[in-house]
Amino acid sequence: MSALAAALRKDLLLHWRTRAQVAAVYGFGASALLLFSFAVGPNAAVLREHAAGFLWLGLLLSSTLTLAESFHAEMEHRALEGLLLLPASARALYYAKAVANALALAALGAGLVPVMVVLYDAATLRIPALLGIVLLGSAGLSAPGTLYAAMTSQARARQTLLPLLLFPLVVPVLLGAVKATALLIHGDPMGQLRSWTLLLVCFDVIHWSLCGLLFERVVED
Amino acid sequence: MKADRFPYAMLALGLALLLWGSYWGLFLAPGETYMGDVQRIMYVHVPTAWNAMLALTFAFGCALLSLFRKDPVWDARLEAALEVGVTLSVLLCMQGAIWAKPTWGVWWDWDPRLTTTAVLVFAFGGILALRQFVDDPVKRATWSAVAAVIAYADVPIVYFSVKWWNSLHQTQSSPETVSRAFHWPLRINAFGMLFLMTGLISLRARLAALRREDESAGPLPAALPQAASAARGAR
């Protein structure tokens with residue numbers, strides 16, 4: 001547990017020290033939200049209807065930049081090999097990195113919510129529930145994303161490979177998060193929010209367990 | 001039967017059965033009451049669907065064995081099963097679109113089975129792309145096996161999430177759910193496609209294993225001077 005805490009502290013510190021890059025990714029996500037409106041047109045009702053989808057597409061696109069860079073420091077000067085020599089399991093290193101990435105993505109998502117509210121007039125008063133969905137969705141993107149980032153950071157064409165591998169896999173996260181966010185914005189007369197939240201929870205449990213088991217294999221060779 | 005003749009025998013048997021089953025389905029079996037001749041695509045569409053899923057399930061098994069046994073044979077089989085499974089899944093989407101246009105009025109619909117198949121194509125196609133960008137054969141084997149396990153585990157979640165989202169596809173066709181007049185062409189084509197798939201996977205796995213041996217031998221310019229000096233030493 002202390003190894004996990006130490007590795008998490010290291011990863012959060014890395015995110016903090018590269019905050020200029022975090023700000024650039026936020027700018028990318030916000031500009032993506034701006035551009036989506038040009039694809040649909042200036043119809044306020046249509047924009048409001050699709051606001052949840054735009055928010056999550058913006059976060060998904062931004063997540064590839066955050067995730068692709070998450071192993072950058074470890075790959076420089078072969079630091080990952082040094083980390084694996086420490087008395088900490090590879091699983092602890094994975095969970096620390098995945099938690100740090102999930103928190104970074106959740107912060108990014110929470111930061112994009114006001115942009116969505118301003119651009120698409122899609123406000124909700126259920127702020128804690130919305131932040132919970134953002135956290136669950138970010139965790140769903142982070143678990144497989146961190147594992148794939150560990151692989152693709154050592155491969156050629158890593159910027160292309162990561163989204164190619166990640167996007168089809170996170171279709172359930174996108175569906176669950178978009179539906180849950182839309183229900184929070186437009187109201188939930190049929191009580192469907194619970195089902196979509198459950199889908200996100202199931203995805204997170206399966207992928208956090210499976211990816212944690214497989215990470216050791218990815219870095220051992 | 002000699003092992004090297006096995007894939008060719010499977011291919012020949014598969015093609016013969018497919019020709020026979022397709023002839024039966026196209027010319028001898030009666031047309032369906034409501035859809036007419038459009039329904040006849042079922043004789044290739046349903047066997048393609050079954051065998052695509054079978055190939056990707058075999059890929060999942062190969063991925064697990066490759067991860068735990070570390071034997072390059074299973075990596076070669078994984079590569080072969082992935083390629084054949086993705087090809088069959090692409091064919092499945094194309095056949096589905098050809099059937100959907102006259103039946104549903106659109107080439108594509110966001111139905112659970114269609115969407116799940118499309119997601120499968122991209123998920124497993126991405127693993128084939130990953131294999132192209134990793135030079136180290138050991139890392140390539142491990143990473144593609146890990147990615148295949150995760151992608152396969154994701155399939156049921158994708159299916160149920162899309163099912164909640166939208167559903168239009170008719171219930172699954174099998175010899176038990178269709179009229180007796182349609183049984184035989186469907187069964188013959190299903191076995192034909194199975195033998196064809198087995199032959200293709202066997203041949204492709206053999207090619208992948210030969211390529212792996214070639215990679216392990218090292219690049220030719222480096223190997224040549226060594227061979228030359230060894231020959232000089234022998235003299």
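Since this is a predicted model, take the numbers as computed values, not measurements. Order of the sequence lines sets the chain letters (A, B, ...), proteins ahead of strands, with each chain counted from 1.
- The candidate with the highest count of non-hydrogen atom pairs below 4.5 Å against chain B, out of A/L164, A/L214, A/L169, A/L161, is A/L169.
- The two atoms that bring B/D154 and A/F203 nearest to each other are OD1-CE1, 3.2 Å, heavy atoms only.
- Proximity to chain B (any heavy atom under 4.5 Å) is restricted, for A/L175, to the side chain, taken from C-beta onward.
- By the neighbour-count criterion of 12 heavy atoms within 6.0 Å, atom CZ of B/R69 is sparsely surrounded, having that number or fewer from other residues, nucleotides or ligands.
- Neither the backbone nor the side chain of A/T160 comes within less than 4.5 Å of any heavy atom of chain B.
- In terms of non-hydrogen atom pairs under 4.5 Å with chain B, the most contact-rich of A/C211, A/P172, A/S195 is A/P172.
- Both the backbone and the side chain of B/A123 come within contact range of chain A, judged by heavy atoms closer than 4.5 Å.
- Under the 4.5 Å side-chain criterion, counting only non-hydrogen atoms from C-beta, A/H207 is in contact with B/I157.
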Report task. Evaluate the side chain to side chain contact (heavy atoms under 4.5 Å, CB included) criterion for residues B/V146 and A/F215: first the C-alpha distance (whole Å), next the side-chain angles of each, then the deciding distance (0.1 Å), finally the verdict. Result -> CA-CA 9 Å; B/V146 164; A/F215 184 76; over 6 Å; no
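- Atoms CZ and NZ, from A/R217 and B/K70 in turn, are 5.5 Å apart once rounded to the nearest 0.5 Å.
- Counting non-hydrogen atoms of other residues, nucleotides and ligands closer than 6.0 Å to CZ of B/F191 gives a total of 12 or fewer.
- Between B/I150 and A/Y148 there is a side-chain heavy-atom pair separated by less than 4.5 Å.
- At a 4.5 Å heavy-atom cutoff, A/F167 makes no contact with chain B through either its backbone or its side chain.
- Interface with chain A: from residues 78-94 of chain B, no residue qualifies, criterion being any non-hydrogen pair under 4.5 Å.
- For residues 125-134 of chain B, heavy-atom neighbours of chain A at less than 4.5 Å comprise B/G126, B/I127, B/A129, B/L130, B/Q132, B/F133, B/V134, sorted by residue number.
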Query - Step-by-step side chain to side chain contact (heavy atoms under 4.5 Å, CB included) determination, A/M151 to B/T142 - result: CA-CA 10 Å; A/M151 288 188 218; B/T142 309; over 6 Å; no
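- Your options are A/A155, A/G176, A/C202, and the one with the most heavy-atom pairs under 4.5 Å with chain B is A/A155.
- To the nearest 0.5 Å, atoms OH (B/Y152) and CG (A/L210) are separated by 13.5 Å.
- Neither the backbone nor the side chain of A/L166 comes within less than 4.5 Å of any heavy atom of chain B.
- When heavy atoms are compared at a cutoff of 4.5 Å, A/L165 approaches chain B solely by way of its side chain, counted from C-beta outward.
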